Amino acid sequence: MENTIIELKFSLDTFYFLMSGVLVMWMAAGFAMLEAGLVRAKNTTEILTKNVALFSIACTMFLLVGYNIMYVDNAEGGFMPSFGALIGTQAADANHSLESDFFFQVVFVATAMSIVSGAVAERMKLWAFLIFAVVLTGFIYPLEGYWTWGGGFLSEMGFVDFAGSAIVHGAGAAAALAGVLFLGARKGKYGKNGEIYPIPGSNLPLATLGTLILWMGWFGFNGGSQLLLSDAENATAVGKIFLNTNAAAACGAISSLFLCKVLWGKADLTMVLNGALAGLVVITAEPASPTPLLACLLGLLGGSLVVFSIVALDKAKIDDPVGAISVHGVCGALGIMLVPLSNSDATFVNQLIGLVCILGFVFIASAIVWAILKNTMGIRVTEEEELNGMDQHDCGIDAYPEFVSVRSN
């Protein structure tokens, strides 16, 4: 009887892990739709191609190299991981199957790379981007992930990042920022005297759909990070995580909505969408311990901060077409630093050290890769190719052939 119960718990937790991974995989569709909606029509096919390709690359590289670096046979408290064979072997006392663990982890890797895609949109060479995806998903992300989730030195120090505000979202934003700095702004985005010219997206219904898909997928992202469901304690924790995740997203959208009305007298949909995502990123650092009221407050802070951050980056001439650096980087950092408000195991000092280590390492490592790519194959398309659109240059197919007749925007 006891063995039967153990097997049932193992089966239930494995199934929960797999379904959580499926929800996170669905976020790839969310990123694709959000980015496709926020770029110009002439760049839509290329964005969609990038999102499918980066997911495929992430899955392959993490299987061949990344999971091993991050998890297999690593010493606790270390700085550099050991190396073994692919995903290792099933532990005798495991609560779920090893393969389900790999699947859940690999979709997180793809999420980090998706953040880069939006920030460098509309002017980066497709193949330079894909080569960078190989390096980030196979080596850079797994190494910094090992420091915490793989039992490395940040874990031993007491750094807390429940579902990846820094490990996933901050890392993606740091890599994106390095790429944007090497890449430069889109043509026509900024004037010689500091003017900022908006470049509207082509399909706001699509961007809205993408945001709602991401919102839905985030329940797997945060809820699945509890790892277990098969007993009362863990099931209760999962319910609380879902509640807090939803509350933070909702309040993030509300705070962005009202702040836009106060600042500009208009309800800016793109800011509202990013406000919801900002609330999700903030709560991701610790969704299990806050009260629902605190989760609402965290969402309000994230939704407000993202508006100011997007405006500030624009003034600094850091061109991020989808606001990814602000949503995932700035708000990810906020979430990490607010963990001690609800989790007594975390300290502000340890959180700051962990944040600096992760973002600093990913930024520097990514900058090195971007620099090598820029000085070899180049990372930016020509001015003519940018004017005509990435769809024709990289893919030869227009996403909206009936509507894209003049390539002058």
Side-chain angles (χ1 to χ4, degrees), residues 25-58 110-111 113-133 172 176 179-180 183-189 197-217 268-274 276-277 310 319-328 379-409:
M25 186 271 175
W26 184 229
M27 291 173 69
F31 279 114
M33 295 302 98
L34 175 64
E35 293 170 20
L38 292 180
V39 301
R40 287 167 288 187
K42 62 185 180 181
N43 298 310
T44 306
T45 302
E46 195 259 359
I47 278 286
L48 299 175
T49 302
K50 276 169 43 177
N51 275 273
V52 174
L54 76 85
F55 185 85
S56 303
I57 289 170
T111 297
M113 191 62 215
S114 295
I115 295 165
V116 183
S117 171
V120 302
E122 300 202 288
R123 72 271 200 207
M124 174 168 276
K125 290 182 177 180
L126 174 62
W127 290 97
F129 173 84
L130 297 181
I131 291 173
F132 180 80
V180 168
L183 193 59
R186 291 168 290 175
K187 296 295 181 183
K189 176 63 178 176
Y197 301 109
I199 301 179
S202 62
N203 195 325
L204 290 185
L206 205 60
T208 303
L209 174 64
T211 301
L212 292 172
I213 291 174
L214 287 169
W215 192 330
M216 175 183 174
D268 186 328
L269 174 61
T270 62
M271 287 293 188
V272 175
L273 300 179
N274 277 329
L277 297 176
I310 289 173
D319 184 16
D320 179 358
V322 303
I325 297 170
S326 296
V327 170
H328 302 276
I379 62 174
R380 182 160 186 152
V381 298
T382 66
E383 186 170 346
E384 180 182 0
E385 290 165 346
E386 184 177 346
L387 179 64
N388 290 333
M390 307 294 290
D391 288 1
Q392 282 299 313
H393 172 245
D394 282 326
C395 304
I397 302 173
D398 286 324
Y400 309 107
E402 295 88 351
F403 304 105
V404 183
S405 57
V406 179
R407 300 183 180 279
S408 60
N409 57 330

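Quick caveat: nothing in here was measured; it's all calculated off a predicted structure.
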Kindly indicate whether the side chain of [X], heavy atoms from C-beta on, has any atom under 4.5 Å from the side chain of [Y].
| X | Y | result |
| --- | --- | --- |
| Lys125 | Ile379 | no |
| Lys187 | Ile199 | no |
| Lys50 | Met390 | no |
| Lys42 | Asp398 | no |
| Ser117 | Leu54 | yes |

For Thr270 and Ile310, what are the C-alpha separation, side-chain angles and deciding distance, and is it a side-chain contact (heavy atoms from CB on, under 4.5 Å)? CA-CA 11 Å; Thr270 62; Ile310 289 173; over 6 Å; no
[X] side chain vs [Y] backbone, donor-acceptor pair below 3.5 Å:
| X | Y | answer |
| --- | --- | --- |
| Arg186 | Asp319 | no |
| Glu122 | Asn43 | no |
| Arg380 | Leu183 | yes |
| Glu385 | Thr382 | yes |

Candidate pair Thr49 and Asp394, rule side-chain contact (heavy atoms from CB on, under 4.5 Å), full reasoning: CA-CA 9 Å; Thr49 302; Asp394 282 326; over 6 Å; no
Closest non-hydrogen atom pair between Pro321 and Ala121, with its separation: CG-O, 3.9 Å
Where Ala53 and Leu130 come nearest, the two heavy atoms and their spacing: CB-CD2, 3.7 Å
Could you measure the distance from the [atom1] atom of [X] to the [atom2] atom of [Y]? Nearest 0.5 Å is fine.
| X | Y | atom1 | atom2 | answer |
| --- | --- | --- | --- | --- |
| Asn203 | Arg40 | CG | CZ | 15.5 Å |
| Glu35 | Met33 | CD | CE | 9.5 Å |
| His393 | Glu384 | NE2 | CD | 9.5 Å |
| Thr211 | Leu38 | OG1 | CG | 7.5 Å |
| Phe31 | Leu277 | CZ | CG | 7.5 Å |

Sequence-distant partners of Ile397, side chain to side chain contact (heavy atoms under 4.5 Å, CB included), two or more places apart: Thr45
Of all residues at least two apart in sequence or in a different chain, which pass the side chain to side chain contact (heavy atoms under 4.5 Å, CB included) check with Ala36? Thr44, Ile47, Leu48, Leu206
I would like to know whether Val322 and Asp320 meet side-chain contact (heavy atoms from CB on, under 4.5 Å); could you show each step before the answer? CA-CA 6 Å; Val322 303; Asp320 179 358; 3.8 Å; yes
For Tyr400 and Ser202: C-alpha separation, side-chain torsions, deciding distance, then whether side-chain contact (heavy atoms from CB on, under 4.5 Å) applies. CA-CA 10 Å; Tyr400 309 107; Ser202 62; 4.2 Å; yes
